[in-house]
Amino acid sequence: MTRPRLDLPGMVFGLAALVAWSAGPFVVEKANRIVPGVTLPLKAVWHSGSVHSVFIAYGVLLAVASLVRRPVVRFTAAATALSCLCWALGTVATELTPPDDRVLRIAPGLGFWAAAALTGLLLVDAVAIARLRPVRRVVLLGAVIGVIGWALASGHFDQVSIGREYAANADRFTLELKRHLMLATGSLAGAVVVALPIGMLCFARESMARAVLSALSFVQTIPSIALYGVLMAPLAALAAALPALAALGVGGIGYAPAIVALFLYALFPIVANTVLGLRRIDPAVIEAAQGMGLTDRQILWQVRWPLALPTVVTGIRVVLVQNVGLAAVAALVGGGGLGTFIFQGIGQTAIDLVLLGALPTVAMALVAGVLLDALVDGLERRRVA
Amino acid sequence: MIKIAGLTKRYGATKVVDHVDLEVPRGTVTAIVGTSGSGKSTLLRMINRLIEPSDGSVWIDGRLTTDEPAPLLRRRIGYVIQGNGLFPHRTVAENIATVPQLLGWSAARIAARTDELLRLFGLDPTTQAQRLPAELSGGQQQRVGVARALAAGPSVLLMDEPFGALDPIIRAKAQEDLRSIQRQLGTTVVLVTHDIDEAFKLADHVAVIDNGRLLQHDAPARLLTAPAHPQVTLLTGTADRALRLLSLATAADLVETGISKGPTLSVHMSLRDALSALMWAGADDGVVVDAAGQPLGRVTVAAILARGAVR
């Protein structure tokens with residue numbers, strides 16, 4: 001019934017991707033990991049092995065994805081196009097790197113990045129149009145992660161500059177990735193445990209709500225680096241006073257200031273959304289509950305909490321996405337995490353190392369956002385159906 | 001039965017409800033009527049102690065309402081409000097089961113009662129019980145609200161503007177349904193409304209309240225024929241009071257022996273509607289028939305007109 005239609009935003013994205021891909025520098029060839037290097041446009045790499053057939057496939061699929069608005073078509077075409085583009089990058093990197101060369105680097109160029117980002121936008125647009133149900137969105141996300149994981153494990157991308165950087169740092173990468181996840185989720189878990197009761201108290205007492213919320217929103221305005229710095233002195237003093245804590249690793253430097261700062265940042269969105277969620281309930285529902293003889297405690301647990309839950313989870317979503325980003329800065333105070341690669345890379349002017357830290361951070365924030373959005377939608381559907 | 005004595009609510013120096021005495025006989029419908037801010041809702045809410053009285057007492061079936069904790073009292077009293085206040089996160093069946101669950105009924109008894117009520121209110125237990133309130137129409141939501149209030153079989157039902165959010169056609173239907181279900185169950189109903197027509201249509205007795213004071217508590221016809229206060233007359237209106245009076249009686253009240261060639265009138269028809277039907281047909285009298293269509297006698301225009309006059 002829905003006839004394939006042309007659509008303007010799709011065509012704009014598609015055209016921009018086409019220009020970036022065909023005219024921009026597709027890869028950069030660098031003599032080693034820190035020198036600037038020479039840019040190679042599409043036509044310079046067109047004949048690397050049999051990559052031109054993959055490129056042609058990309059061009060055709062890009063055209064389909066930008067011209068057809070039907071979600072299934074656009075999603076399939078954009079996803080396959082993006083895969084082709086990435087696959088071509090891996091092929092080109094492998095072809096251009098002489099065997100046994102450990103110094104030369106083939107890095108993705110601006111043209112590749114722009115084309116990939118614009119194709120990705122078409123993909124996101126298709127998902128948005130499709131209005132998938134929460135469970136299907138999570139399944140789709142799982143499938144995408146599976147494909148990416150398979151592609152990275154296949155070795156096809158080992159010669160791409162970031163792949164080479166990963167090979168050099170493989171052991172540390174896994175360690176810092178776990179650290180990063182631990183910082184982001186550990187501080188979140190602590191904040192949830194503390195913020196929910198505070199939110200409930202603030203809901204019960206207006207005067208408390210005002211004081212607590214303004215204090216917590218003040219914490220939010222402190223830049224992360226400043227907060228890490230501010231926490232160093234008291235935590236160092238605490239560790240000096242209590243050797244037992246110091247033995248556990250608490251100190252002015254390390255994971256302690258990082259996790260404390262992330263915890264403090266996390267409080268405001270959760271407390272604020274808890275108060276808002278508990279308050280923002282149709283007064284008629286509460287009056288009916290009282291009129292039927294529910295006690296105040298029963299109203300809180302059987303009516304207010306279930307109705308507030310989607311709002312509370314929205315607060316948790318904000319915190320998790322924010323934490324994944326802020327945890328990258330934790331490396332500055334020795335807290336570890338993927339930020340370690342970013343700051344080391346900046347120090348060494350090694351862009352590939354920066355990307356090795358930055359790309360997984362962005363991916364984790366995206367995954368966290370998609371997962372929790374799906375959870376919120378699922379909870380809300382339960383009551384508006 | 002509800003007995004109210006000297007019931008008063010003060011906020012600072014203002015008396016919102018001022019020493020009201022009222023008796024609501026078992027199995028009857030009493031409408032509390034007044035303008036907004038008259039104190040009618042406050043009076044109603046003091047019966048189930050959603051608002052604690054400053055002074056005075058309420059007895060329900062001979063028992064003082066302050067003898068038990070307020071939540072326990074409220075579980076024995078049905079309560080329906082404007083906009084129904086259904087729990088949006090619970091299904092229709094779960095909503096109806098609220099009070100039985102609080103009272104600790106067995107699952108089987110709750111399920112049986114829920115089915116019974118859904119049928120009584122014209123809802124389908126197989127398809128509509130598992131829906132969420134948002135999936136129902138406004139009229140259906142209102143019916144679920146009343147069914148929920150009646151779930152544990154309370155002897156008393158309190159209603160605060162229960163039909164206020166409905167459009168006129170659905171409202172008329174909901175009013176009729178309420179009246180027939182009330183007769184069937186014998187529930188004592190106290191209903192707050194600002195709509196005098198609604199009060200006349202539903203109530204056996206009307207309590208007119210103004211500035212917190214009870215001005216008159218009487219049968220609807222008496223409010224028209226013997227108003228106790230100018231404010232009562234203002235509320236009932238004067239322009240069509242003869243017709244209002246006719247709307248309170250039915251053809252059954254005036255049926256006399258005799259034969260008529262006029263139109264056929266149902267015995268349950270109000271005199272107002274009967275008069276209209278006779279005028280429309282240009283007849284002096286009509287045949288009164290019972291529900292089965294059997295003629296019972298006749299009713300004349302002259303008798304109806306005489307009934308509309310103040311005696």
Side-chain angles (χ1 to χ4, degrees), chain A residues 131 133-135 196 199-200 203-204 206 270 273-317 372-385, chain B residues 41 44-45 47-51 68-92 94-103 130-136 141-142 144-146 148-152 154 156-162 164-165:
Chain A
R131 293 175 184 278
R133 293 157 62 142
V135 175
L196 294 188
M200 243 152 73
F203 162 71
E206 177 57 38
I270 305 180
N273 276 42
T274 304
V275 176
L276 181 73
L278 290 174
R279 269 194 201 147
R280 198 181 54 182
I281 290 171
D282 181 1
V285 170
I286 301 302
E287 197 196 327
Q290 288 172 332
M292 284 188 292
L294 276 82
T295 60
D296 287 347
R297 182 182 293 246
Q298 286 167 331
I299 291 173
L300 181 65
W301 292 111
Q302 296 179 23
V303 181
R304 285 196 192 270
W305 264 112
L307 291 176
L309 199 58
T311 313
V312 175
V313 177
T314 305
I316 291 175
R317 177 215 186 274
L372 283 164
D373 274 346
L375 182 59
V376 172
D377 277 9
L379 290 170
E380 284 196 330
R381 261 166 214 256
R382 174 76 187 94
R383 76 174 140 143
V384 283
Chain B
S41 280
L44 186 82
R45 285 167 203 210
I47 299 176
N48 67 358
R49 291 174 57 201
L50 278 175
I51 295 175
E68 60 188 326
L72 296 185
L73 167 76
R74 292 181 199 138
R75 289 170 199 178
R76 299 194 292 113
I77 302 175
Y79 187 55
V80 178
I81 54 175
Q82 180 171 2
N84 65 61
L86 293 177
F87 296 152
H89 59 302
R90 293 194 178 170
T91 63
V92 167
E94 287 166 346
N95 264 287
I96 293 176
T98 305
V99 180
Q101 224 134 36
L102 291 172
L103 296 174
Q130 298 313 314
R131 299 248 173 101
L132 291 173
E135 297 173 286
L136 302 182
Q141 290 177 8
Q142 199 273 341
V144 174
V146 181
R148 181 174 72 169
L150 293 173
V156 170
L157 178 64
L158 307 180
M159 310 181 92
D160 193 349
E161 303 269 7

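So that the names make sense, note that chain A is the first sequence line, chain B the second, and so on, each numbered from 1. Values in this document were obtained by computation on a predicted structure and should not be read as measured data.
Every residue meeting the salt bridge (charged side-chain N to carboxylate O under 4.0 Å, His left out) condition with Arg49(B), not counting sequence neighbours, appears here in chain and number order: Glu52(B). In terms of the side-chain hydrogen bond (donor to acceptor under 3.5 Å, both in side chains) criterion, residue partners of Glu161(B) (sequence neighbours excluded) are, by chain and number, His194(B). Checked against side-chain hydrogen bond (donor to acceptor under 3.5 Å, both in side chains), Asp160(B) has the following partners two or more places apart in sequence or in another chain: Ser41(B), Arg45(B).
Two residues are said to be in side-chain contact when any heavy atoms from C-beta on lie closer than 4.5 Å; Leu102(B) and Leu294(A) meet this criterion.
Of the possible polar contacts, one joining the His89(B) side chain to the Gln302(A) backbone as a donor-acceptor pair under 3.5 Å is found.
Residues of residues 286-293 of chain A that come closer than 4.5 Å to chain B, counting heavy atoms only, are Glu287(A), Ala288(A), Ala289(A), Gln290(A), Gly291(A), Met292(A), Gly293(A), ordered by residue number.
For Arg133(A), the CZ atom is loosely surrounded, since the number of other residues' heavy atoms within 6.0 Å does not exceed 12. Within a 6.0 Å sphere centred on CG of Asp282(A), heavy atoms belonging to other residues, nucleotides or ligands number more than 12.
Of the two parts of Gln298(A), only the side chain, counted from C-beta on, holds a non-hydrogen atom closer than 4.5 Å to a non-hydrogen atom of chain B. Within the 4.5 angstrom heavy-atom criterion, no atom of Leu158(B) approaches chain A.
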